[in-house]
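Note that these values count all heavy atoms, side chains included, but never hydrogens, waters or copies made by symmetry. Just follow the structure's listing: the first ligand is 1, and inside any ligand the first atom is 1.
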Amino acid sequence: MNLTGAGIAALVGGAWPDTAQAAEGQDADLVVLNAKVYTVDSRVPRVEAFAVKAGRFIAVGNTAEMKALIGKGTETFDAKQMAVVPGFIDCHNHAPGNVLLYEVIVGNPYVVEFVTIDNIVEKLRSKAAQTPSGTWVEGYFFDDTKVKDDRLLNIHDLDKVSKDHPVVVHHRGGHTSFYNSKALEMAEINKNTPNPPGGTYDRDADGELNGRVTDRARASFNNIGKRPTFTAEQTLQRNREGLAYISKQFVRYGVTSVHHEGGDLFALQQVRTRGDLLHRVSYEADGKVLEAMIAAGIESGFGDEWIRFGATSEHTVDGSFSERTMALSTSYPGVTPSYKGNVTETQDDLNAWIERAHRAGIQVNCHANGDVAIDMVLTAVERAQKLFPRTDARPKITHCTLINDDLVRRIKAAGAVPAPFTSYAYYNSDKFKYYGEAIMERCMAYRSFLDAGIVAAAGSDFSPGPFDPRMAIQGMVTRTGWDGKTWGANQRISVEEALRVNTINGAYNSHEEALKGSITPGKLADFVVLSDDLFTVDKDKIKDLEIVRTVVGGATVYKT
Ligand SMILES: [Zn+2]
């Protein structure tokens with residue numbers, strides 16, 4: 001079955017409100033006129049105007065009809081035939097605002113940009129110069145395929161930064177890091193150290209450590225070296241500043257709702273109180289917050305339209321797609337010795353974890369990239385449902401990258417909601433040669449999901465992927481990367497489908513489809529004005545559309 005608009009409309013429930021009735025006796029706060037409005041509501045997919053009151057859409061229709069709702073205090077916006085779409089929803093984001101603000105950034109977080117290894121070393125050297133020896137010097141947002149030198153960063157490069165400091169550069173993908181000799185020495189890792197379960201200390205052709213460390217092996221560095229310390233008040237301050245900063249970035253790109261992977265919940269609430277929270281948050285808890293939810297009996301859905309407990313934070317089952325450590329059922333093409341990626345969790349532990357959250361009424365969420373990991377998650381979800389059936393649980397599979405027909409069938413049967421990578425088709429096309437076309441035809445499989453009636457949403461995974469929805473939509477529609485190469489063209493979806501994935505399907509992912517995700521009377525007035533029509537513009541230019549205005553709850557939070 002195709003995921004048709006009617007399918008979602010039925011889920012939303014209720015009849016289309018009569019426009020005139022909804023509007024009777026009400027002056028709107030805001031009326032948008034003369035626009036190409038793509039509502040993502042199949043009952044009225046295209047209109048030219050709509051009205052907003054008290055933060056919600058109250059009516060949609062033609063310009064003349066909406067003019068009737070203009071009163072003394074009504075703000076009007078003549079869109080001059082620009083396109084308007086619902087606010088974009090990102091269902092997987094680490095929202096690393098304080099990293100962006102306070103740390104050494106060695107790659108471009110937002111767009112494709114090549115850097116040099118010399119430049120990375122230089123940035124870290126200046127950081128080392130202001131850092132006491134023995135204290136970590138760290139770099140973030142490294143991307144191994146956006147390096148002009150066209151080779152991997154290695155231990156020798158990082159030894160040039162310092163011999164007295166432990167030095168690390170983190171890949172933006174979040175599963176691999178590159179260390180200098182001092183760091184490896186302090187962690188007592190040498191070329192004879194065996195790889196721990198779920199991770200590797202990589203070696204060069206001569207068997208010497210090359211500095212790259214993957215997945216669970218990175219835990220060896222957790223308790224060595226000094227890290228800067230902050231008072232509780234300083235930490236709170238930094239977290240507030242980080243969240244306020246990232247919120248500005250989200251709305252700059254038209255993203256109005258974001259699923260946050262954990263983070264400082266207290267700071268988040270303070271940012272909101274101060275008026276600095278510009279986007280809506282589905283808060284995905286882990287650690288002590290998740291434990292507190294379970295202990296207190298707080299289920300997913302608790303909260304309000306600005307900050308709400310959503311699914312759990314991603315529970316990691318395998319490695320990374322972009323860093324080539326995800327768990328495959330077949331060996332990585334061309335890698336010797338044969339390597340199938342990292343499984344980072346046992347089936348028993350996963351079963352227990354899922355059962356516990358599921359029984360507590362909390363939407364489970366697992367990070368599973370490879371087909372092996374997705375199979376493990378489904379096995380655990382099927383088991384939990386059997387032991388404790390819950391309707392409409394929507395187990396979330398973050399990334400859900402490499403599928404096959406059987407996995408798709410089981411995802412559908414479980415009512416699971418995948419949030420595959422969005423911007424990767426464009427941004428990471430330079431990495432897909434490591435998998436090859438046969439595997440790529442089954443990766444980020446939006447076509448397969450939608451054809452099976454699975455409500456796949458968008459998950460940028462920022463920092464790993466840029467969160468720009470324009471880049472995401474272009475990649476989903478073309479499957480062509482920045483380098484002009486096309487991978488897995490069989491997984492292309494239409495612009496209309498890509499828009500749904502990035503809006504209403506995102507709302508469905510957190511059980512909020514009755515509240516947002518389309519321009520429908522009664523829903524939250526979150527929308528974006530684009531400089532041109534994404535349906536008619538050249539598909540290779542979708543990423544260049546300008547975000548003219550971002551509106552959340554009827555209030556303009558960004559404009560050019
Ligand atoms: Zn993630």
With respect to the Zn ion (ligand 1), please indicate if [X] possesses an N, O or S atom at a distance under 2.8 Å.
X    : result
H367 : no
H92  : yes
E261 : no

- Indicate whether the side chain of E512 and that of S510 have a donor and an acceptor atom separated by less than 3.5 Å. yes
- Task: Measure from the side-chain N and O atoms of R479 to the backbone N and O of T486, and report whether any donor-acceptor pair falls under 3.5 Å.
- Result: no
- Query: Is there a donor-acceptor pair under 3.5 Å between the side chain of N490 and the backbone N or O of E441?
  - Reply: yes
Identity of the N, O or S atom of [X] lying closest to the Zn ion (ligand 1):
X    : answer
D461 : OD1
H94  : NE2
E314 : OE2

- Message: Can you tell me how far apart CZ (F142) and CG (L153) are? Round to the nearest 0.5 Å.
- Response: 4.5 Å
- Item | Full working for ring pair (Phe, Tyr, Trp, His ring centres under 6.0 Å) between H94 and F462 | CA-CA 6 Å; H94 294 266; F462 188 70; 9.1 Å; no
